[in-house]
Structures are given as C-alpha cells and as structure tokens.
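The sequence lines fix the lettering, A, B, ..., with proteins before strands; numbering per chain opens at 1.
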2 protein chains.
Amino acid sequence: MNITFNKRDPLYVQVIRYFKEQIATGAFEPGEEIPSRRELASKLKINPNTAQRAYKEMEEEGLIYTEGNNPSKVTKDIEKIASVRQEMIMEAVDAFVHAIRPINVSLDEVVGLIEAKLNEEQEGRK
Amino acid sequence: MNITFNKRDPLYVQVIRYFKEQIATGAFEPGEEIPSRRELASKLKINPNTAQRAYKEMEEEGLIYTEGNNPSKVTKDIEKIASVRQEMIMEAVDAFVHAIRPINVSLDEVVGLIEAKLNEEQEGRK
DNA sequence: CATGGTGTATTAAGTGATTAATACACGAGG
DNA sequence: CCTCGTGTATTAATCACTTAATACACCATG
C-alpha cells in the first residue's frame, strides 16, 4: 500500500487513481478482497468518509462490488478491467496530445523525450 | 484570438496557457504589443482583474513586460521564449510519463496511440 | 444478546481559491 | 485642464468542493 499524497488533487481522487492502477495492472486481482473503508482510512490516515467516497465511485463505475456487510472486492469482469486500463491510457494520451498540439514540436522529438524520461525514472528505481 | 474556456481550470490559468502557446510558437512575436487588460477582458468577457492576474503572472515570469502606462508587450528575450517553450513540452512529457508509468504499457504502444491521435485531430481541422 | 466490525446515508463544516468590486496613480491628447 | 485609457492595488464576495461529524442498519461472533 504505497500511496504518496500530493496536496493538489483531492484525496478521494488520488485513492481512486491508486486502486485503478493496481487493478488495471493486476496487482489487485479479480475477486480479491480490498481493505474495508475504515481499515483503509486508518492505514492512510484519512477520514473514513473519504475512503467511502472513493469506494462508492469505484463501485458505481463497476470496478469493485460489495455483497452484504463484507468488505468490497475487485470486480471479476476482466473485460471491464481491460477497458478501464484502456481508458486510463487514452486519457493520458488525450491530455498529452491536447497539451502538445498547440506547440510546434515534432512527434519524433516528443517520443525521444518520453523515452528518456521513462528510462530516467527506471534508473531512479534501482 | 481563439480561446475556448473549459470550466474545469481557472480562467486566468487558461489565459496564461493561451498566451504561452502563442508566444512559444511565435504567433505573438517578440516585442509585439498585446491587448490591454481591459481590452482583453472585454473581448473574452471576463473580469478585468482576471486579465490582470494573468498578465501579472506572465510579467513575473518574464514573458511580457510593461513600460509606463502602455499596454504590455511580449518579451524580446528569445532565449526566454525558447526556454518557456521547452518547459511546456517537458511539463507535458512529465505529466504523461507520470500517468502512464504505473500502468503496464509499452513505449511502442503509446507512441502509436499518440501518433494516431495527432493525425486524427489533424483530420478534424480540414 | 451485546459488542464490534461491516457498509451506508445525511448533514454540516471548513477550506481554499477564484473572481469581482472598487479605488488609486499616471500620462497622452483633445 | 479634463477626460479617457492605461496599469496597479486592496479588499470583499462568491462559490464550489472536499472533508469531516454523526447516525443508522446489518450481521457475525463470542
């Protein structure tokens, strides 16, 4: 459970983001139980309602599901998981293109920069 | 003067963004006079203070300058302009890498998506 | 049967930033 | 000299959103 919060985005958004990443990459497997609202709140030192809000939105999106009074679980719908992953990718691409388009810069150049940045961050993880 | 405002970001931020793009691409040339605060506000139908805030930040960043009571002008420092352009590119790259890194996706794939998106938007402009 | 852990719902508070209102100082030009 | 258009500064209002407080229903378990 490695979340580092920035103070720019709302907490619940960052929580959602984290879970989406974990689910999209398979770090949280389909059907796997996730922490209860209160447990997550305790671990992350946030208000339980903030955890609830994040979970609620994820549930409405079909990313997790809840049965009875038990902690929620990751959806078993692997197609849904795949589509969420794809959406995350497309959102990033859209935002990037939208930011880069008005500036005059070649595709090759930005690809080079992206590649460099990716490698750089990989190095940082050694 | 083609600005379309979204309601997600603050007005003054979007104004700054617009001018940065224009200056970075050379659409606004070094030394060129830009609209007065009130004129801009009138054109964009925003409050003059909002225009002022945008201009003030741009001036603090060295993007524009003001002499006496005359409308501000684009900086003549072409190195500054080049560096601002580079910063915009790097910010976009950083944001993109940050968003894409936690997901498991190959460089080739995202490059393909970016290329497709760029072409798609180019088509839309026909 | 009561206690503690679930999820859930409603409402209030706080917080922070953006935007707007207003006023002031300066200078060119009629 | 007065008016109009500049830039500038200070303060207030607004506004949306996030976060928190509180309470309720359910159920398993000792």
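- Between the NZ atom of B/K45 and the P atom of C/dT19 there is a distance of 17 Å, given to the nearest Å.
- Of the inter-residue distances, the one linking A/E67 atom CD with A/K73 atom NZ reads 6.0 Å to the nearest 0.5 angstrom.
- Between the P atom of C/dG7 and the CG atom of A/N47 lies a distance of 14 Å, rounded to the nearest Å.
- With a 6.0 Å radius and a threshold of 12 heavy atoms from other residues, nucleotides or ligands, A/E79 has its CD atom at or below the threshold.
- Here the CD atom belonging to A/E57 is positioned 11.5 Å from the CG atom belonging to A/L63, to the nearest 0.5 angstrom.
- Mapping A/T50 and A/G68 onto DNA chain D via the closest heavy atom, the residue that lands nearer the 5' end is A/T50.
- For DNA chain D, the span of nucleotides reached by chain A at under 4.0 Å from its heavy atoms goes, 5' to 3', from D/dT18 to D/dC27.
- Contact annotation for A/Y12: backbone-only contact, meaning every heavy-atom pair under 4.0 Å involves sugar-phosphate atoms and none involves a base.
- The pair B/K20-B/E87 fails the salt-bridge criterion, with no side-chain N (NZ, NE, NH1 or NH2) lying under 4.0 Å from an Asp/Glu carboxylate O.
- A side-chain donor-acceptor contact under 3.5 Å links A/R37 and A/S72.
- Between A/P48 and B/P71, the residue whose closest nucleotide on DNA chain D is further toward the 5' end is B/P71.
- Separating the CG atom of A/N69 from the P atom of C/dG7 is a distance of 8 Å, rounded to the nearest angstrom.
- The distance from atom CD1 of B/I16 to atom P of C/dT19 is 11 Å, rounded to the nearest whole Å.
- Atom CG of B/N6 is separated from atom C1' of C/dT18 by 14 Å (rounded to the nearest Å).
- Taking atom CG on A/N49 and atom C1' on C/dG14, their separation rounds to 14 Å, with Å as the unit.
- A heavy atom lying under 4.0 Å from DNA chain D marks the following residues of residues 28-38 of chain B, by number: B/S36, B/R37, B/R38.
- A/Y65 and A/V15 fall into different hydrophobic clusters, where Ile, Leu, Val, Met, Phe, Trp and Tyr residues are linked whenever their side-chain heavy atoms come under 4.5 Å apart, directly or through other members.
- Remark: side-chain polar atoms of A/N6 are paired, donor with acceptor, to backbone N or O of A/D9 under 3.5 angstrom.
- Across all strands, A/N70 comes closer than 4.0 Å only to sugar-phosphate atoms, never to a base (heavy-atom distances).
- Ionic pairing of B/K56 and B/E59 is not present here: no N-O contact between side-chain nitrogen and carboxylate oxygen is shorter than 4.0 angstrom.
- Per the geometry, CZ belonging to B/R8 stands 15 Å off C1' belonging to C/dA17, to the nearest Å.
- A/F96 and B/F96 have tilted rings, their planes meeting at an angle from 30° to 60° on a 0 to 90° scale.
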